[in-house]
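Heads up, the thing below is written out as structure tokens.
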Amino acid sequence: MKVQAFTCLLMVVIATALNGAVVDAKKPKVIEFYLHEQFVSEPGYPATDLLAASATGNTSTYAFGNLGISEQVVRESASNTSTIIGRAPGTFQPNKEERTFALYKLITLQTQEWNGTLLVFCDWLGLADSNEWTVVGGTGTFRMMRGYAINTKAAGGAGTNSITFKWEVYLY
Ligand SMILES: *[C@@H]1O[C@H](CO)[C@@H](O)[C@H](O)[C@H]1NC(C)=O
Ligand SMILES: *[C@@H]1O[C@H](CO)[C@@H](O)[C@H](O)[C@H]1NC(C)=O
Ligand SMILES: *[C@@H]1O[C@H](CO)[C@@H](O)[C@H](O)[C@H]1NC(C)=O
């Protein structure tokens, strides 16, 4: 009788401990930062995008077959004078359908908490309010991390020289 009661209590304790561990493991680390993209150079703000190759001679950003290189500046906030905390080099390729782009970036952050690079990919719809990225890995303080990121437009865009995106990264 005593042994049974003890076993039962032990199982409850183990179940509670396991359940707690699972919940903790699923809780992501969340990082927020801003990508500043400059279409046209301005003093102190060089262009961040470059069309590297045009397969057909059509230099439209949306023309299929083109290849672009970009390197956005990562800042703490949406303000273009806020502290620079990293860089985001990558490439962009216009896809055929729906005006999406195959994008990849190496987001390198250097802050007190984070020092390393995240590798992210997206089938990016330029006209959407937000896009989802997959985080496939990282180096430095991001080593072995995976997850996803959501970007939303924070400032600028059509008819201006720049666009700023808020990034929320969820790492597991
Ligand atoms: C260039 O590509 C864009 C986007 O696909 C297209 O809308 C435009 O008509 C093309 N221009 C020419 C001259 O083919
Ligand atoms: C910086 O931000 C200010 C305020 O939003 C804007 O007026 C200005 O054009 C921006 N400058 C550059 C170079 O993006
Ligand atoms: C960040 O990581 C790099 C490469 O591992 C290292 O050289 C550098 O000292 C690190 N910086 C800080 C502030 O920890």
Side-chain angles (χ1 to χ4, degrees), residues 28-131 135-147 149-169 171-172:
K29 291 182 195 302
V30 185
I31 314 175
E32 253 184 51
F33 50 79
Y34 290 77
L35 250 69
H36 289 250
E37 180 167 354
Q38 188 77 25
F39 309 128
V40 180
S41 290
E42 290 182 67
Y45 295 84
T48 58
D49 305 339
L50 173 75
L51 188 62
S54 168
T56 61
N58 182 340
T59 55
S60 162
T61 311
Y62 291 104
F64 180 68
N66 287 358
L67 173 68
I69 307 290
S70 66
E71 187 170 332
Q72 287 95 25
V73 177
V74 183
R75 292 182 185 269
E76 237 167 37
S77 83
S79 160
N80 58 20
T81 54
S82 64
T83 306
I84 294 176
I85 56 168
R87 320 275 312 174
T91 66
F92 57 93
Q93 293 166 235
N95 298 325
K96 273 188 172 170
E97 303 297 330
E98 306 233 8
R99 299 176 74 162
T100 66
F101 293 80
L103 293 186
Y104 104 88
K105 289 188 193 301
L106 297 164
I107 299 181
T108 300
L109 295 187
Q110 274 183 320
T111 66
Q112 271 196 332
E113 192 180 2
W114 303 103
N115 180 20
T117 298
L118 283 173
L119 179 53
V120 298
F121 288 89
C122 183
D123 180 29
W124 199 79
L125 179 55
L127 303 174
D129 290 336
S130 77
N131 276 281
V135 176
V136 298
T139 64
T141 51
F142 297 116
R143 186 181 290 174
M144 297 302 285
M145 285 190 183
R146 279 161 182 260
I150 305 290
N151 79 247
T152 48
K153 203 184 91 165
T160 72
N161 285 347
S162 63
I163 191 163
T164 304
F165 294 100
K166 178 183 187 179
W167 275 60
E168 290 160 294
V169 184
L171 297 173
Y172 292 85

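Counting starts at 1 for both ligands and their atoms, following the listed order.
Every pair passing ring-ring contact (aromatic ring centres under 6.0 Å, His included) that includes a residue from residues 44-103 is listed here, sequence neighbours excluded: Tyr62-Phe101.
Contact shell of ligand 1 (protein heavy atoms, cutoff 4.0 Å): Asn58, Ser60, Tyr62, Ala63.
Considering backbone and side-chain N/O atoms, Tyr45 never comes within less than 3.5 Å of an N/O atom of ligand 2. Looking at Gln110 next to ligand 3, no N or O pair under 3.5 Å apart turns up.
Residue-ligand proximity: His36 is placed with every non-hydrogen atom at 4.0 Å or more from ligand 2.
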Report task. With side chain to side chain contact (heavy atoms under 4.5 Å, CB included) as the test, would you mind laying out the steps for Glu37 and Ile163 before giving the verdict? Result -> CA-CA 5 Å; Glu37 180 167 354; Ile163 191 163; 3.7 Å; yes
Query raised in the report: Hey, mind stepping through Thr152 and Phe165 against side chain to side chain contact (heavy atoms under 4.5 Å, CB included) and telling me if it holds?
Result: CA-CA 5 Å; Thr152 48; Phe165 294 100; over 6 Å; no
Query raised in the report: Given Leu103 and Phe121, is the side chain to side chain contact (heavy atoms under 4.5 Å, CB included) satisfied, shown in steps?
Result: CA-CA 6 Å; Leu103 293 186; Phe121 288 89; over 6 Å; no
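Taking the six-membered ring where the residue is Trp, the centroids of Tyr34 and Trp167 are separated by 6.0 Å or more.
Residues Ser70 and Asp49 bring no donor and acceptor atom of their side chains to less than 3.5 Å of each other. A donor and an acceptor atom, one from each side chain of Ser79 and Thr81, are located under 3.5 Å apart.
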